[in-house]
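The structure appears below as structure tokens.
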Amino acid sequence: MPERTPSGTRDVLPDEMRELRALTERIRTVFDQAGYGEVATPALEYDRGDDGARAAYRTFDQHGNVLVLRSDMTVPIARLVGARYATVEPPLRFCYFAHSYRAVRTHRGQSRELLQAGVELIGAPAPEGTAEVLTVLCGALDAAGLTDYRIGLGDAMLYPALLDSLSVAEPARGRILAELTDGDFVGVEREIVALGLPVEETALLTRVPRLRGGAELFDGLDGRVGAAVTGLRAVYDRLADSVAARIIFDFGLLRSLGYYTGAVFQVYDPAHGEPLGSGGRYDELLGRFGRPLPAVGFALNVESVHVALMMEDRRRVG
Amino acid sequence: MSADRPLRIAVPRGALMDGTLDLLDFLGIDTAPVRANDRRLWFEEVGIITMRPSDVPIYVESGAADLGVTGKDVLMEQAEREVYELADLGFGACRMVLASEAGPDKAAEALKRLGVVRIATKYPRIATTYLEATGRQAEIVEVKGSVELAPLTGMVEAIVDLTATGTTLAENNLVIREEIALCTARLIANPVSDKLRARAIDGLLERIGGR
């Protein structure tokens, strides 16, 4: 029996590596021209119990400190900014091409080791900062060679704020958000109906998380959907037409990572069954590392982008 | 752009197939080719693929199908699948139950005297979750075939299984002790398709809601 790689990891051989390298070089050129300087950080970080993606691997150093293989690059870059850029005038722009290590659900043959390409824009508030990062994201996907991709754009606080405005309290609030996170809209509706609210409010709560589409969604929106939507509109108004054309608003999008505070986005391609990457605003995270600055970033899963490229090619031929 | 191709729908073979095809007829999707040919699996001309119900979630999760119909029992058993559950279709109602041999409940006796009950099932995840949630220690025995055989031979004290009418249970001298969940057919969607094909999917959902 040949020796296996650890579960959830794999080898990359020259044919694939050549394509991955060419792909990341095209993306790197976009990041570089937009002024994002590349950084590298240690694969190991001290375990701080961060609220980012769940870590896949933990270990100890020789002094007994608990170390974790980083589960994303956002938290290490936040640490780096707090430590190494404590007095430098913002905004700061960083990019990276690095492996992250994530706990995955079993039975799905998913990778625990992901090659990510991403940027972090630190010290640039919404909406300008968000619009800049979306522009860089579309530039990277264009350079990658994808033609059919779309960006789903929502706000992590939109639906929670709507629940608050209708005085939906715990534990029902948590149950509704849990069903929404699971993508169980039958469960979402069941929990909302159980609240016994007036018909019109029940309809509003049921409808909003299913709203996705173009800028026409803003027309005739209920005022209670409120501030988060105003923020999304402001971002949209700052996008060039070519970027705006890629946007699908999604009012049901919740934060995929615990530190997101505002706009959140995901990259979709019809040639691939799951998002190619994601991002969002994290205006509170830097404060934990001593530099309270608003920030926004994204990470693309390079291997997923590579798969989508091949599938887009195949669809064109087929 | 490929958004013009018809939505591809995963249709379950077996007990849920007729209800699903009736629903698709109602939605204006031509199911005649599917009804006419029992052996073909893929009906590209009408955007239908057919498969066993337990395979529907993986085809939808991977994006090989945009939409699918399967039982809530399958979705509960495959809770890790990243699919959206869009609608309760109402048909195909079955109950997930805990059953044991008629007479004094051997499961209760085993729990009392041995501290653990042995349970045979085709749904190990549902059984494990349910027994844990109700604070009982259980040894879950996964079987693939007729689960009714397991308690009759003394291999286990109880079973967790899906039943529509309870006839098979009764014929095998088993009685329902607890009802775990009511399971109906569900419409599920691939999360990426749900965004990229929102208009088409919402159109279907609206008509389903207006039945």
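Just so it is clear, the values below take in all heavy atoms, side chains as well, and ignore hydrogens, waters and symmetry mates. Just so it is clear: chains get the letters A, B, ... in the order the sequence lines come, proteins before strands, and each one is counted from 1. No experiment lies behind these values; they were computed from the predicted model shown.
- Note that the CG atom of Asn190(B) and the CD atom of Glu274(A) stand 9.0 Å from one another [nearest 0.5 Å].
- Counting non-hydrogen atoms of other residues, nucleotides and ligands closer than 6.0 Å to CZ of Arg199(B) gives a total of 12 or fewer.
- Atom CD of Glu189(A) is surrounded by 12 or fewer heavy atoms from other residues, nucleotides or ligands within 6.0 Å.
- Other residues, nucleotides and ligands contribute more than 12 heavy atoms inside 6.0 Å of the CZ atom of Arg177(B).
- For chain A, no part of Ala64(B) is nearby; none of its heavy atoms comes within less than 4.5 Å.
- Heavy atoms closer than 4.5 Å to chain A are found in the side chain of Ile201(B), but not in its backbone.
- Annotation: Arg52(B), atom CZ; neighbour count of heavy atoms from other residues, nucleotides and ligands within 6.0 Å does not exceed 12.
- Sparse packing is recorded around CG of Asp241(A), with 12 or fewer heavy atoms of other residues, nucleotides or ligands lying under 6.0 Å away.
- Within a 6.0 Å radius of CD in Glu170(A), other residues, nucleotides and ligands contribute more than 12 heavy atoms.
- Nearest approach of Val192(B) to His272(A), heavy atoms of both residues: CG1-O, 3.8 Å.
- Looking at Ala198(B), the atoms closer than 4.5 Å to chain A (heavy atoms on both sides) sit in the backbone and in the side chain alike.
- With salt bridges taken as basic N to acidic carboxylate O contacts below 4.0 Å, none links Asp182(A) and Arg81(B).
- For Tyr123(B), the OH atom counts as densely surrounded, since its 6.0 Å shell holds more than 12 non-hydrogen atoms of other residues, nucleotides or ligands.
- Looking at Asp184(A), the atoms closer than 4.5 Å to chain B (heavy atoms on both sides) sit in the backbone and in the side chain alike.
- Within the 4.5 angstrom heavy-atom criterion, only backbone atoms of Val83(B) (N, CA, C, O) approach chain A.
- Residues Asp194(B) and Arg212(A) are paired through a salt bridge, judged by an N-O separation under 4.0 Å between the basic side chain and the carboxylate.
- Contact of Arg190(A) with chain B is not made at all, since no heavy-atom distance falls under 4.5 Å.
- By the 6.0 Å contact criterion, CD on Glu45(B) is enclosed, its count of non-hydrogen atoms from other residues, nucleotides or ligands being greater than 12.
- Across all their heavy atoms, Asp250(A) and Lys195(B) have their closest contact at OD2-NZ, 2.6 Å.
- Closest non-hydrogen pair, Leu196(B) versus Asp269(A), comes out as CD1-C, 3.8 Å.
- Heavy atoms closer than 4.5 Å to chain A are found nowhere in Leu187(B), neither backbone nor side chain.
- In terms of heavy-atom proximity, Asp88(B) sits nearest to Val186(A) at N-CG2, 3.6 Å.
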